[in-house]
Amino acid sequence: MINENNRKTIQQNLLMWYREHQRDLPWRRDKDPYKIWVSEIMLQQTRVDTVIPYYNQFIKKFPSLHQLAQADEEEVIKAWEGLGYYSRARNLHAAVKEVVAKYGGKVPSTPEEISSLKGVGSYTTGAILSIAYNQKLAAVDGNVLRVISRLFSLTDDIAKSTTRKKFEKIVLRILPDHSPGDFNQALMELGATICTPTSPTCLICPLREVCKGFADGLQDELPIKKKLKSPKKVPVIFLWITDGEYLLLEKRKKQGLLAGMWGLPTIEHVPKDKIKDEVEKYIMVKNIEHSSFETIGSFEHIFSHRHWQITLLRISVHINEQEKKRNDTWFRVQDLPQIALARVYQKAYQLISSLADSRKM
DNA sequence: GAAACGTGGAA
DNA sequence: TTTCCAAGTTT
């Protein structure tokens, strides 16, 4: 199915196109395996435009693998704030520490070693090793899944994990000996800019002459992908518990959504008619002296698999000094910007802030 | 193999 | 508004 002619044409056309049209991205400035690694983790399920400012700020803050390894986790999470999938940051931090401990600070260069690091799967292994170490490995991401589907007119469901393995073998067959890193990036770049999910611009595609999907007229039908379930709606309460100076935050559970992140006290699965009951139960359990509570407002936040319908409540309390010292979850409101908060909690903060502003005027 | 895991931008 | 999805990995 892939003859010698096609392979050569694919390699030459794609590589030539890439060298002419590649975007100037910050992580392409050098081949430091650490920087390539950071960029690949950030890029997981995340757009290039979103990543660029995070990457620049992250590398500025942690210029070397060693400096990242020595940083506090809170600091690393703060640098990741708003990027999402926070386990990526925790895994990267843990993995970098392991590289220092086990490999003397040098990013390992074998597939076995590097893929054993936390957060480094099949794709990232291929990406780092091909780009930074010039090794002939496939790096199959969502772009490549789509490009390969069309290029060879394949109807495999790209949502299935087995398809990725099959496509890795195919990529390996067209990967050139000489620039596997450039070729992998070219495949992704093509998918991101030409062979796009909808309305691919086949007219200017460097692979049009060898694209079976195009020849079959299937460029708009491929790839085949099973539809995702829509996020499940959940009524949620956020509690803004304060004495005007201090605010009560909670550390979220180690497992699950926003694991280990600081956030407002959050109560899930509360139907509207039971909000009052749930809040009073919470205050009772926490043994907080409160004077009043009011509804600040409502908003929604959609995760990949959950759709939170949030009601934000403000609870005025009196906090004695003993209580503030007894646990470490009371924070000065003015210190909030120094704590890493997921977007959903930042939205609540903004809501409160805008309300406070409007009241002053 | 399916589900969990964040967020924002575009169709 | 809804749906899709963007350089995936882990459980």
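On a predicted model such as this, the values are computed, not experimentally measured, just so you know.
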NZ/NE/NH1/NH2 to OD/OE distance under 4.0 Å, [X] and [Y]:
X: A:E221; Y: A:R150; result: no
X: A:K225; Y: A:D157; result: no
X: A:K251; Y: A:E74; result: yes
X: A:K78; Y: A:E81; result: yes
X: A:K102; Y: A:E98; result: yes
X: A:K165; Y: A:E168; result: no

- Query: With a 3.5 Å cut-off and no angle check, do the side chains of A:S179 and A:R19 form a donor-acceptor pair?
  - Reply: yes

- Classify the side-chain pair A:T162/A:R164 by whether it contains a donor and acceptor separated by less than 3.5 Å.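 No, because no side-chain N or O of A:T162 sits under 3.5 Å from a partner of the opposite role on A:R164.
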
- Item | Test of ring centre spacing under 6.0 Å for A:F303 and A:H301 | yes

- Query: Quick one: stems for DNA chain C, with Watson-Crick or G-U pairs under 3.5 Å, at least three in a row?
  - Reply: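 Result, WC/G-U stems under 3.5 Å: B:2-5 with C:8-11, B:7-11 with C:2-6.
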
Grab the [atom1]-[atom2] distance between [X] and [N] for me, whole Å please.
X: A:I128; N: C:dT9; atom1: CD1; atom2: C1'; result: 13 Å
X: A:I41; N: C:dT9; atom1: CD1; atom2: P; result: 7 Å
X: A:L145; N: C:dC4; atom1: CG; atom2: P; result: 17 Å
X: A:R146; N: C:dC4; atom1: CZ; atom2: P; result: 15 Å
X: A:H93; N: C:dT9; atom1: NE2; atom2: C1'; result: 19 Å
X: A:I158; N: C:dC4; atom1: CD1; atom2: P; result: 13 Å
X: A:H307; N: B:dA4; atom1: NE2; atom2: C1'; result: 18 Å
X: A:R90; N: C:dT11; atom1: CZ; atom2: P; result: 14 Å

Using a heavy-atom cut-off of under 4.0 Å over every strand shown, decide if [X] touches base, sugar-phosphate, or nothing.
X: A:T124; result: sugar-phosphate
X: A:V51; result: nothing
X: A:W308; result: nothing
X: A:K160; result: nothing
X: A:S122; result: sugar-phosphate
X: A:R23; result: base

- Task: Let me know which of A:Y349, A:Y345, A:F331 forms a ring-ring contact (aromatic ring centres under 6.0 Å, His included) with A:W262.
- Result: A:F331

- Message: Does anything in residues 223-231 of chain A come within less than 4.0 Å of DNA chain C? Heavy atoms only, and list the residues if so.
- Response: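 Those residues are A:K225, A:K227.
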
For [N] and [M], measure between their [atom1] atoms and round to the nearest Å.
N: C:dC4; M: B:dA3; atom1: P; answer: 15 Å
N: B:dG1; M: C:dT10; atom1: C1'; answer: 13 Å
N: C:dT9; M: B:dG8; atom1: P; answer: 22 Å

- Using heavy atoms to find the nearest nucleotide of DNA chain C for A:R28 and A:K233 separately, return the residue whose nucleotide is more 5′.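 The residue whose closest nucleotide sits nearer the 5' end is A:K233.
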
- Please walk me through it: do A:D216 and A:K212 pass salt bridge (charged side-chain N to carboxylate O under 4.0 Å, His left out)? CA-CA 6 Å; A:D216 294 345; A:K212 186 155 192 307; 3.0 Å; yes

- Note on the structure: Protein-proximity profile, nucleotides 5-11 of chain B, B/S/- by nucleotide at the 4.0 Å heavy-atom cutoff, equals BBBBB--

- Begin with the C-alpha distance, continue with both residues' side-chain angles, and end with the deciding distance and a verdict on side-chain contact (heavy atoms from CB on, under 4.5 Å) for A:L129 and A:I114. CA-CA 9 Å; A:L129 291 183; A:I114 200 165; 4.0 Å; yes

- Query: Does A:Q219 use its side chain to pair, donor to acceptor, with the backbone of A:C202 at less than 3.5 Å?
  - Reply: no

